[in-house]
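Heads up, the thing below is written out as structure tokens.
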Amino acid sequence: MAPVGVLTGKDLKDLFDDARAKGYAIPAVNCTSSCTVNACLEAAAKAKSPVIIQVSNGGGTYMLGKGIKYPNAAVAGSVALAYHVRAVASYYGVPVVLHSDHCAKKLLPWFDGMIEANEKYYAQFGEPLFSSHMLDLSEETDEENIAICVKYFKKLTAMGIWLEMEIGITGGEEDGVNNEDVDPEKLYTTPEQVWSVYQALSPIGDMFSIAAAFGNVHGVYKPGNVKLSPEKLGAHQAYAKEKLGCSNPKPLYLVMHGGSGSTDSEIALAVKNGVVKMNIDTDTQWAFWDGVRQFESSKRAYLQGQIGNPDGAEKPNKKFYDPRVWMRKGQESMCARVMTSMEKLKSTGTFEPVVGGGRTQVGGGGKGKGREGGGTAAAVGAALAVGVAVGMMIARK
């Protein structure tokens, strides 16, 4: 059974091995704040499931604060989010993967900044800050895509960090990466393309996954407008199995992007064919807003002023407009939606939460130092401040 809290190295590989062998996948949710992080962790604890918390370039910038202007603010914000996850994850009693999402070629300075943060953390605590990172160089030629992935995978492997790479293009638009007008043929990766990735990366290490396109599109779309072909993932596995001459029917770790709006049967077939991770963003964004929307609609008369409501002209409304009240409604709704994804991906019930085993992982994980003592709020706060400072120093370079 996987340890509690943020996983790295062998613990992370063991988790993905378990998912691939048992036929479940783990939802990867884009988070932009401590509030959305906690919603995902709560969902994992309630569903008894592992969860992947991921941050995008835009999410990192938002996490730092939109009013702060730095050349690469995304680094500081992503590091801050990582420190928050490490500070609280193990208290929820489930395995957690800390991941960064799509990194296009133009965003490589962000990737470099996170690697530097990992190296500093690794030098001090013997494990990286993040569990895994994604390179999305699918807009480049396959040759350049793979060559850049090889270069970075060598750095990541040295620290026990997982690499997710994309070959073939996921359509639609997400976080500033727009593929709405892409050639439809590029939405379907071939077995030969996938095999070329395996050939290049496997001599370096085995901790990598491939986001192979099978018609995926980011965002919500009208049924019938997008043709998903998850059966193509099975063809990739069969091709790799034949090339390797191995007995494992699913030798590849595959990833599904553009999961929002997909049918249950499409998701199920993708998981059956070796998908161990599915991204979810659009649906959880809507879920958070929907929780707030329903609260505002039901309590509108209490939210028009600080004083005065249907119960009396002098009645205070603080208990309605307190952000902890209405943001919690969004959090609860998002939590429920993440649990729905866990059910569809069959990860529900795969891990029994460790009640009362929580300890801050700021300053390392299960490698000795990091799990000594429970950690006070002051210590966690100080560590978060250090995390932001490190990110800012890197961003200034």
Taking C103's backbone N and O only, do any of them form a donor-acceptor pair with K106's side chain (distance below 3.5 Å, no angle check)? no
From T157 OG1 over to L163 CG, what is the distance, rounded to the nearest 0.5 angstrom? 8.0 Å
Could you tell me whether K232 atom NZ has more than 12 heavy atoms of other residues or ligands within 6.0 Å of it? no
Between Q285 and D281, is a side-chain contact (heavy atoms from CB on, under 4.5 Å) present by the stated rule, with each step listed? CA-CA 6 Å; Q285 286 182 348; D281 183 25; 3.3 Å; yes
Looking at F153, Y152, W162, which hits ring-ring contact (aromatic ring centres under 6.0 Å, His included) with F208? F153
Would you call the rings of W195 and Y198 parallel, tilted or perpendicular if under 30° counts as parallel and over 60° as perpendicular? parallel
Please assess L254 against R20 for the test side-chain contact (heavy atoms from CB on, under 4.5 Å), listing each intermediate value before the final yes or no. CA-CA 9 Å; L254 298 177; R20 187 175 59 172; over 6 Å; no
Indicate whether any N or O donor in one side chain lies under 3.5 Å from an N or O acceptor in the other, for N57 and H102. no
Would you say that V4 contacts F351 through its side chain, given a criterion of any heavy-atom pair below 4.5 Å between the two side chains? no
Please indicate whether Y239 has more than 12 foreign heavy atoms, meaning atoms of other residues, nucleotides or ligands, lying under 6.0 Å from its OH. yes
Please round to the nearest 0.5 Å and tell me the distance separating atom CH2 of W110 and atom OG1 of T61. 9.0 Å
Transitively linked via ILVMFWY side-chain contacts under 4.5 Å: V97 with M339? no
Show, in sequence, the C-alpha distance, side-chain angles and deciding distance for L135 and L108, and conclude whether the side-chain contact (heavy atoms from CB on, under 4.5 Å) test is met. CA-CA 9 Å; L135 284 171; L108 285 176; 3.7 Å; yes
Taking atom NZ of K13 as the centre, report whether more than 12 heavy atoms of other residues, nucleotides or ligands fall under 6.0 Å from it. yes
Taking atom CG of D136 and atom CD1 of I167, what is their separation to the nearest 0.5 Å? 11.0 Å
Please say yes or no: joined through hydrophobic side-chain contacts below 4.5 Å, possibly via intermediate residues, are L41 and L98 part of one cluster? yes
Does any part of the side chain of M334, heavy atoms only, come nearer than 4.5 Å to the side chain of C40, both counted from C-beta? yes
Under 3.5 Å: donor-acceptor pair, side chain of Q331, backbone of C35: yes
Salt bridge between R86 and E127, side-chain N to carboxylate O under 4.0 Å? yes
When clusters are formed by joining ILVMFWY residues with side-chain heavy atoms under 4.5 Å apart, either directly or through shared neighbours, do V150 and V194 land in the same one? yes
Give, for atom OG1 of T36 and atom CE of M63, the distance between the pair rounded to the nearest 0.5 Å. 8.0 Å
Any side-chain donor near an acceptor of the partner, Y253 and D206, under 3.5 Å: no
At their closest point, which heavy atom of A270 faces which heavy atom of M256, and how far apart are they? CB-SD, 4.0 Å
Rounded to the nearest 0.5 Å, what separates atom CD in E343 from atom OG1 in T340? 8.0 Å
Would a distance-only check, ignoring hydrogens and angles, find a side-chain to backbone donor-acceptor pair under 3.5 Å from S209 to V255? no
Polar side chain donor-acceptor pair, Q193 to D142, under 3.5 angstrom: yes
Without swapping roles, check the side chain of S131 against the backbone of H99 for a donor-acceptor pair under 3.5 Å. no
Using a 4.5 Å cut-off on heavy atoms from C-beta on, say whether the side chain of Q199 contacts that of K243. no
Are side-chain N/O atoms of H133 and N118 paired as donor and acceptor at under 3.5 Å? yes
Do F130 and L156 have side chains that approach each other closer than 4.5 Å (heavy atoms only, starting at C-beta)? no
Contact between L303 and F295 at the side-chain level, heavy atoms closer than 4.5 Å - yes or no? yes
Checking H236, M165, E166, E164 against I210 for side chain to side chain contact (heavy atoms under 4.5 Å, CB included), the one that qualifies is M165
Is the count of non-hydrogen atoms from other residues, nucleotides or ligands lying under 6.0 Å from Q306 atom CD greater than 12? no
Assess, by modelled atom type and distance only, whether the side chains of K277 and N279 contain a donor and an acceptor separated by less than 3.5 Å. yes
Is L228 linked to L269 within one hydrophobic cluster, defined over Ile, Leu, Val, Met, Phe, Trp and Tyr using a side-chain heavy-atom separation of less than 4.5 Å? no
For E242, does the CD atom sit with more than 12 other heavy atoms under 6.0 Å from it, leaving out its own atoms? no
With salt bridge (charged side-chain N to carboxylate O under 4.0 Å, His left out) as the rule and sequence neighbours excluded, what pairs involving residues 30-46 come up? E42-K46, E42-R328
Just wondering, are more than 12 heavy atoms of other shown residues or ligands nearer than 6.0 Å to NZ in K250? yes
Quiz question: by atom type and distance under 3.5 Å, do the side chains of E266 and T263 form a donor-acceptor pair? yes
We want to know whether T350 and S347 form a side-chain donor-acceptor pair, criterion being a heavy-atom distance below 3.5 angstrom. no
Given M134 and Q54, is the side-chain contact (heavy atoms from CB on, under 4.5 Å) satisfied, shown in steps? CA-CA 10 Å; M134 182 196 179; Q54 61 187 25; over 6 Å; no
Any chain of hydrophobic side-chain contacts (each under 4.5 Å) joining V292 to V325? yes
Under 3.5 Å, is there a donor-acceptor pair linking the side chains of R337 and S341? yes
